[in-house]
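Encoded as structure tokens, the structure appears first; notes follow it.
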Amino acid sequence: MPVTSVLRRQSIDFPLLLIALLLTTFGIAMVFSAGQIDAPSTITAGAWKRQLSWFGLCLAATWVVTRGSVRLIEWSAWPLYALSCALLVLVLFIGTGAGTAASVKGWLSIGGVRIGQPAELAKLATTLMLARVLAAQREAPRSLMDLWRPLLVVGIPWLLVMKQPDLGTGIVFIGICFAMLFWAGVQWQLLLMLASPGISLVLAFSTGVWGAWFLILVALVLWYRPFLAEGVVVVVANVVTGVVAPLLWDKLKPYQQKRLLVFLDPSIDMRGSGYHVTQSKVAIGSGGLFGQGFTQGSQKRLQFLPERHTDFIFSVVGEELGFLGVSVALALFLALFLRSTRVASRANDAFPSLVAFGFVAAWFVHVMVNVGMTLNLMPVTGIPLPFFSYGPSFLLVSWVAVAVLLRISAEGRGQPDAIGL
């Protein structure tokens, strides 16, 4: 065998590829289990077959992406970003909802058949575009004014997603933005000031808590010493958000208010907005140490557990495989985060490094919010679990991200040629 061929094969990041394969296989198995119920259901019965078919397409897409180069990926940032924003605008007019996000215009459909969520493509495209913008700057942003380009890149798709409205996906965009700014060298004090209006909005439910936070913020501004105009804007913005928070609450739709209230106390509407999280906690709690057995979960089989193949698939893991199964799943995700961060730290340029860390941030927010949602540690937002939840477009985009990471890892090891997959 030629030496060059051997080197190309050795350039594959096998641990990263193996982790992604294990997560996807685990996920397809749980989607299969989600369809094993006592009463027939056309929704979940064949979901695992469709997910498996799409997994084959994912592997094909992975092969195609890894044949390219990081330079080609960087070049594609602009077209993908423009396309994703155009689709996000289109979905506002003809989009449909599904599952826990039935009221969200997030899906594109043809003939009544959902073909995908533009927001998934937008996450990928925004990560690439933000990395390109940050990599073009010769030094890390030192003031809020230096952040206007990165914030504009994230702000456009974020506003379009929030217009749907899709709070869960909006949180992912925010996570990507702050993580990549941190990786680009932005100081934590500046990031905290940037996030301060949102923090004030959340803490405004209590005057005392908000007042304490405001004093901390003022001390931070005096210590960091930003430009006078920026310091004034930060302080005024926090005052405004603290004042308008009660007004924004009144403008929320009834179902949105219920979701937030149920997050604080699910018992106030156990048969309505609190039904999902109540059944999820019962399912996970009944799993114990070893679980009830694969495909044998009672909450799932009796269909008490809603959206068991999508948003609440983690509940199926907890019910049927118990604490041990949950530990394995979370350990695989931790391995994915650590390996991807390693790829980011060893990349040979700023752009691929930022892209890799952006993918880590997106996956981390998805896992944190989804798992927290099933345990009532986060509000129910209809956000899927990477590699587990049934969703062709989400799985495809996740594997494209894996392919990009494999390409970055290969070039970071000094292998500019195509990966030998």
Side-chain angles (χ1 to χ4, degrees), residues 7-9 11-17 19-20 57-88 116 118-137 149-150 153-154 156-157 172-173 175-177 179-181 183-184 336-337 339-364 386-387 393-421:
L7 289 175
R8 288 180 181 181
R9 290 182 183 275
S11 68
I12 304 172
D13 193 331
F14 281 108
L16 175 61
L17 182 60
I19 292 167
L57 180 61
C58 290
L59 293 180
T62 300
W63 182 84
V64 171
V65 173
T66 54
R67 306 309 291 179
S69 65
V70 173
R71 185 179 296 274
L72 179 61
I73 295 171
E74 183 175 2
W75 175 87
S76 67
W78 264 111
L80 285 176
Y81 182 77
L83 175 62
S84 64
C85 289
L87 292 176
L88 287 175
E120 301 304 335
L121 175 61
K123 296 173 192 174
L124 176 66
T126 301
T127 301
L128 296 178
M129 192 63 210
L130 182 58
R132 183 169 178 171
V133 169
L134 290 173
Q137 299 183 357
R149 288 186 181 88
V153 168
V154 179
I156 293 174
V172 177
F173 279 96
I176 292 173
C177 178
M180 293 180 68
L181 288 176
W183 198 250
L336 177 68
F337 301 152
R339 193 68 189 183
S340 301
T341 303
R342 183 174 182 270
V343 172
S345 63
R346 294 192 173 191
N348 56 11
D349 198 5
F351 172 78
S353 179
L354 286 163
V355 169
F357 199 73
F359 290 154
V360 175
W363 283 329
F364 177 79
F387 302 98
S393 59
F394 185 49
L395 182 64
L396 180 60
V397 169
S398 296
W399 267 95
V400 169
V402 171
V404 173
L405 288 173
L406 291 173
R407 183 66 261 170
I408 292 172
S409 178
E411 294 196 10
R413 298 181 186 187
Q415 299 289 343
D417 295 332
I419 300 176
L421 283 178

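Numbers here simply count residues along the sequence, with the first being 1. None of these values were measured; they are calculated from a predicted model.
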Atom pairs and distances, side-chain donor-acceptor, residues 75-84, under 3.5 Å, sequence neighbours left out:
unit_1: S76; atom_1: OG; unit_2: I73; atom_2: O; d: 2.6
unit_1: Y81; atom_1: OH; unit_2: V153; atom_2: O; d: 2.6
unit_1: S84; atom_1: OG; unit_2: L80; atom_2: O; d: 3.2
unit_1: S84; atom_1: OG; unit_2: Y81; atom_2: O; d: 2.8

Original post:
What residues, two or more places apart in sequence or in another chain, satisfy ring pair (Phe, Tyr, Trp, His ring centres under 6.0 Å) together with F173?
Top reply: none
**OP:** Kindly compute the distance separating CG (D13) from CD1 (I408), expressed to the nearest 0.5 Å.
**Re:** 11.0 Å
Original post:
Which atoms form the tightest heavy-atom contact between E411 and V70, and what is the distance?
Top reply: OE2-N, 3.0 Å
Original post:
From M180 CE over to F357 CZ, what is the distance, rounded to the nearest 0.5 angstrom?
Top reply: 10.0 Å
**OP:** With sequence neighbours excluded, tell me which residues meet side chain to side chain donor-acceptor pair (under 3.5 Å) with S353.
**Re:** W183
Subject >> Qualifying residues under side-chain contact (heavy atoms from CB on, under 4.5 Å), relative to A119, sequence neighbours excluded >> reply: L88, V161, T169
Subject >> C177: side-chain contact (heavy atoms from CB on, under 4.5 Å) partners, not counting sequence neighbours >> reply: L151, V154, L181
**OP:** Hey, could you give me the CZ/CD distance between R132 and Q137, rounded to the nearest 0.5 Å?
**Re:** 14.0 Å
**OP:** Using atom types as modelled and distance alone, determine if a side-chain donor or acceptor of S409 lies under 3.5 Å from a backbone N or O of L405.
**Re:** no
Original post:
Quick one: CZ on R71 to CG on D349, what's the gap to the nearest 0.5 Å?
Top reply: 8.5 Å
**OP:** Run the numbers on L336 and L16 for side-chain contact (heavy atoms from CB on, under 4.5 Å), then give the verdict.
**Re:** CA-CA 7 Å; L336 177 68; L16 175 61; 3.8 Å; yes
**OP:** Working to the nearest 0.5 Å, report the span between CE of M129 and CG of L134.
**Re:** 10.0 Å
Original post:
Under the side-chain contact (heavy atoms from CB on, under 4.5 Å) test, which residues partner F364, sequence neighbours left out?
Top reply: F337, M368
**OP:** List the atom of A356, the atom of V343, and the distance in Å for their closest heavy-atom pair.
**Re:** CB-CG1, 4.3 Å
**OP:** Report yes or no: does T66 contribute a side-chain atom to a donor-acceptor pair with the main-chain N or O of W63 at less than 3.5 Å?
**Re:** yes
Original post:
Given L87 and L121, is the side-chain contact (heavy atoms from CB on, under 4.5 Å) satisfied, shown in steps?
Top reply: CA-CA 9 Å; L87 292 176; L121 175 61; 4.1 Å; yes
**OP:** State, with a plain yes or no, whether a side-chain heavy atom of L406 is found less than 4.5 Å away from one of L17.
**Re:** yes
Original post:
Taking all atoms of both residues into account, what is the closest heavy-atom pair of I156 and C85, and its distance?
Top reply: CG2-SG, 4.0 Å
Original post:
Should V402 and W363 count as side-chain neighbours, where that means a heavy-atom distance under 4.5 Å?
Top reply: yes
Subject >> With F394 via ring pair (Phe, Tyr, Trp, His ring centres under 6.0 Å) - residues at least two apart >> reply: H366
**OP:** With sequence neighbours excluded, tell me which residues meet side-chain contact (heavy atoms from CB on, under 4.5 Å) with V397.
**Re:** E120, L124
